[in-house]
Amino acid sequence: MTTNASLFERAQRVIPGGVNSPVRAFRAVGGTPRFITRAQGAYIWDAEDKRYFDYIGSWGPMILGHGHPEVVEAVQKAVLEGFSFGAPTEREIELAEEILKIVPSAEQVRLVSSGTEAGMSAIRLARGFTGRSKLIKFEGCYHGHADALLVKAGSGLATFGHPTSAGVPPEVVQHTLVLEYNNIAQIEEAFATQGADIACVMIEPIAGNMNFVRASVPFIKRIRELCDQHGALFVFDEVMSGFRVALGSAQSIYAKALPGFKPDISVFGKVIGGGMPLAAFAASKEIMAKLAPLGPVYQAGTLSGNPVATACGLATLKLIQRPGFFEALSASTRSLMAGFEAEAKAAGVELTTDCEGGMFGFFFADHLPQHYQAVMAKGTDKFNKFFHLMLDQGVYLAPAMYEAGFVSAAHTADDIAQTVAAAGQAFCQL
């Protein structure tokens with residue numbers, strides 16, 4: 001019989017670390033990765049035919065659950081018409097129109113194949129539009145693995161970041177300034193000292209790579225004011241939160257609290273591809289006019305907007321616009337987190353949670369952290385034990401304390417109840 005262990009051993013002989021994306025290796029939690037053979041609805045099955053409740057959802061895209069029949073039908077039809085043409089298609093236009101209909105902050109969109117590509121291109125566009133070089137990002141926010149973004153904070157505010165990956169020369173990140181998330185004083189000082197050189201501020205409005213941490217409304221408001229004052233662009237990286245926390249994405253949530261609010265550039269991925277390799281960046285016509293072939297900012301991709309991915313994404317976006325979709329999804333996610341809190345309290349375990357739409361996070365702490373260092377201060381041992389206790393009971397959570405989780409529309413009330421019951425048993429063993 002093929003086992004997860006035998007597959008992992010085999011994989012390590014031909015793939016670095018045995019995986020094609022690092023977090024899949026279970027290095028943070030220990031143990032053997034599960035090799036998935038199939039998925040349907042809210043469930044996935046591994047190589048040993050064990051079924052799991054899936055709360056990763058391919059790290060966010062599977063908002064409808066796996067194998068939604070209408071999405072499968074759209075993809076099958078597209079496959080029969082052709083995999084890739086390297087030429088324009090009407091479906092690219094339809095997907096762009098659908099995105100722009102839902103996201104009023106943008107007027108044009110460029111389709112690409114990955115979140116990394118979209119984030120990298122958005123930064124290049126911001127620099128090309130402003131004629132400036134410097135970029136502000138926040139520690140704990142992940143915008144893909146482009147060289148200029150693999151940076152950790154310097155020893156002081158005026159110190160530019162240092163590479164966090166081998167192979168990234170220091171001079172490549174010399175224009176990247178890394179600040180603390182939700183720290184208004186730092187962003188004000190950065191603009192006061194270097195505002196004339198800042199091309200853009202890039203942020204995950206709801207960060208999903210330091211678990212689940214929200215940018216505060218005053219923080220977002222102040223960044224918007226500073227960008228306007230100094231002529232910098234505000235870039236919302238919604239690769240993870242886009243069409244996942246709300247139909248209009250995280251920016252629609254902030255627009256309710258801050259009337260008239262909108263980012264200058266939006267970056268999307270995951271949900272807009274429905275599980276296929278597809279991402280996008282969007283902005284006003286004025287900003288997007290800087291892109292080739294209209295302007296001097298070069299960006300291209302052979303598989304950008306390919307017909308199979310656009311079919312999958314278009315079907316997904318149409319389905320999540322159905323009446324009541326996000327109300328039901330949000331209710332399921334809130335029920336899951338409320339259940340976790342109640343079971344933890346009953347077991348005498350310190351736990352706090354947060355969620356929005358179909359995205360959630362939980363911390364073994366008495367309050368929600370507001371920035372990366374606060375997240376890092378929480379010990380991983382308790383989470384790692386909890387992860388494996390849940391995995392043993394057939395609940396597949398993110399294999400790292402620093403990753404958000406995802407609920408799909410396919411998760412039923414009974415699925416949620418069974419997951420909460422499993423958590424109750426796990427909390428009692430911590």
Check the pair Asp264, Val235 against side chain to side chain contact (heavy atoms under 4.5 Å, CB included), reporting the backbone distance first and the verdict last.
CA-CA 6 Å; Asp264 296 301; Val235 182; over 6 Å; no
Steps toward side chain to side chain contact (heavy atoms under 4.5 Å, CB included) verdict (Leu291, Arg110)
CA-CA 9 Å; Leu291 275 178; Arg110 174 65 63 87; 4.1 Å; yes
Before you tell me yes or no, could you show the steps for Glu343 and Val349 under side chain to side chain contact (heavy atoms under 4.5 Å, CB included), namely the whole-Å CA-CA distance, both residues' side-chain angles and the distance that decides it to 0.1 Å?
CA-CA 8 Å; Glu343 293 292 344; Val349 174; over 6 Å; no
Checking side chain to side chain contact (heavy atoms under 4.5 Å, CB included) for the pair Ile36/Trp45: CA distance, chi angles, key distance, verdict?
CA-CA 6 Å; Ile36 306 306; Trp45 285 262; 5.9 Å; no
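One N or O on the side chain of Gln370 and one on the backbone of Leu368 form a donor-acceptor pair closer than 3.5 Å. A donor-acceptor pair under 3.5 Å is formed between the side chain of Asn182 and the backbone N or O of Ser216. Side-chain atoms of Glu180 do not come within 3.5 Å of backbone N or O of Glu139 as any donor-acceptor pair. Under the 3.5 Å distance criterion, the side-chain polar atoms of Thr3 are matched with a main-chain donor or acceptor of Ser6. With hydrogens and angles disregarded, a donor-acceptor distance shorter than 3.5 Å links the side chain of His388 to the backbone of Gly30. Checking side-chain atoms of Lys385 against main-chain N and O of Ala426 turns up no donor-acceptor pair under 3.5 Å. Although no hydrogens or angles enter the test, the distance criterion places a donor-acceptor pair under 3.5 Å between the side chain of Arg127 and the main chain of Ser133. A donor-acceptor pair under 3.5 Å is absent between the side-chain atoms of Arg244 and the main chain of Gly357, judged by distance alone. Checked by atom type and distance alone, the side chain of Ser121 pairs as donor or acceptor with a backbone atom of Glu117 at under 3.5 Å. Under the 3.5 Å distance criterion, the side-chain polar atoms of Gln40 are matched with a main-chain donor or acceptor of His66.
Shortest non-hydrogen contact noted between Phe360 and Cys355 is CB-CB, 3.8 Å. For Pro205 against Tyr181, the heavy-atom pair with the smallest separation is O-OH, 3.1 Å. Between Leu329 and Val407, the shortest heavy-atom contact is CD1-O, 3.4 Å. Between Ala118 and Val267, the shortest heavy-atom contact is CB-CG1, 3.6 Å. Closest non-hydrogen pair, Lys137 versus Val151, comes out as NZ-O, 4.5 Å. Here the closest non-hydrogen pair linking Ala400 and Ala28 is CB-CB, 3.9 Å.
Side-chain polar atoms of Gln251 and Glu238 form a donor-acceptor pair below 3.5 angstrom. Inspection of the Gln299 and Arg124 side chains reveals no N or O donor paired with an N or O acceptor under 3.5 Å. Side-chain contact of Asn211 with Glu403: a donor-acceptor pair under 3.5 Å is absent, judged by distance alone. Between the side chains of Tyr396 and Arg34, no donor N or O sits under 3.5 Å from an acceptor N or O. Side-chain atoms of Tyr43 and Asp415 include a donor-acceptor pair closer than 3.5 Å. Using modelled atom types and a 3.5 Å distance limit, the side chains of Glu204 and Ser241 yield no donor-acceptor pair. Judged by distance alone, the side chains of Thr419 and Tyr55 do bring a donor and an acceptor atom under 3.5 Å apart. No donor-acceptor contact under 3.5 angstrom links the side chains of Glu92 and Thr310, judged on distance only. With hydrogens and angles left out, the side-chain atoms of Asp46 and Tyr52 include a donor and acceptor closer than 3.5 Å. For the residue pair Ser335 / Ser332, no side-chain donor-acceptor distance below 3.5 Å is found, with atom types taken as modelled. At a cut-off of 3.5 Å, with distance as the only test, no side-chain donor of His371 or Asn183 sits close to an acceptor on the other residue.
Side-chain contact between Leu319 and Glu70 is present, with heavy atoms from C-beta onward closer than 4.5 Å. Inter-residue side-chain proximity for Met240 and Asn209 is flagged as met; some heavy-atom pair is nearer than 4.5 Å. Residues Thr380 and Tyr402 meet the side-chain proximity criterion, which asks for heavy atoms closer than 4.5 Å. Counting only heavy atoms from C-beta outward, the side chains of Leu95 and Leu278 approach each other to under 4.5 Å. In this structure, Tyr254 and Val217 have side chains that are in contact, with non-hydrogen atoms separated by less than 4.5 Å. In this structure, Leu397 and Ile56 have side chains that are not in contact, with every pair of non-hydrogen atoms separated by 4.5 Å or more. Using a 4.5 Å cut-off on side-chain heavy atoms (C-beta onward), Gln76 and Val72 make contact. With a 4.5 Å cut-off on side-chain heavy atoms, Val75 and Cys312 count as touching.
For Glu350 and Lys382, the salt-bridge test fails: no basic side-chain N is under 4.0 Å from an acidic carboxylate O. Taking the charged nitrogens against the carboxylate oxygens, Lys221 and Glu225 do have a contact shorter than 4.0 Å, which makes a salt bridge. Using a cutoff of 4.0 Å between basic side-chain nitrogens and carboxylate oxygens, Asp49 and Arg38 are scored as salt-bridged. In summary, Glu81 and Arg91 engage in a salt bridge, as defined by a charged side-chain N under 4.0 Å from a carboxylate O. Remark: Asp354 does not engage Arg334 in a salt bridge, criterion side-chain N to carboxylate O under 4.0 Å.
By the neighbour-count criterion of 12 heavy atoms within 6.0 Å, atom NZ of Lys50 is densely surrounded, having more than that number from other residues, nucleotides or ligands. Crowding of Arg27 atom CZ: a count of heavy atoms from other residues, nucleotides or ligands under 6.0 Å not exceeding 12. Within a 6.0 Å radius of NE2 in His145, no more than 12 heavy atoms belonging to other residues, nucleotides or ligands are found.
Rounded to the nearest 0.5 Å, atoms OG1 (Thr316) and CD1 (Ile272) are 10.5 Å apart. We find the CE-OG1 distance between Met337 and Thr333 to be 8.0 Å, quoted to the nearest 0.5 Å. To the nearest 0.5 Å, atoms NZ (Lys270) and OG (Ser114) are separated by 10.0 Å. Distance CG/Leu430 to CG/Leu351: 9.5 Å, rounded to 0.5 Å. Between the CG atom in Leu111 and the CG atom in Leu303 there is a gap of 12.5 Å [rounded to 0.5 Å]. The CD1 atom of Ile44 lies 11.5 Å from the CE atom of Met62; values are rounded to the nearest 0.5 Å.
Checked against the 6.0 Å centroid criterion, the rings of Phe236 and Phe281 do not qualify as a close aromatic pair. For Phe8 and Phe26, the ring centers sit 6.0 Å or farther from each other. Taking the six-membered ring for Trp, Phe138 and Phe219 have ring centres closer than 6.0 Å.
Checked options Phe212, Phe387, Phe386, Phe427; the residue passing with Phe362 is Phe386 (criterion: ring pair (Phe, Tyr, Trp, His ring centres under 6.0 Å)).
Legend: residues meeting side-chain contact (heavy atoms from CB on, under 4.5 Å) with Ile102, ordered by chain and number and at least two apart, are Phe243, Leu247, Gln321.
Figure legend: cation-pi geometry between Arg322 and Phe326 absent, as NZ or CZ is not positioned both under 6.0 Å from the six-membered ring centre and within 45° of its axis.
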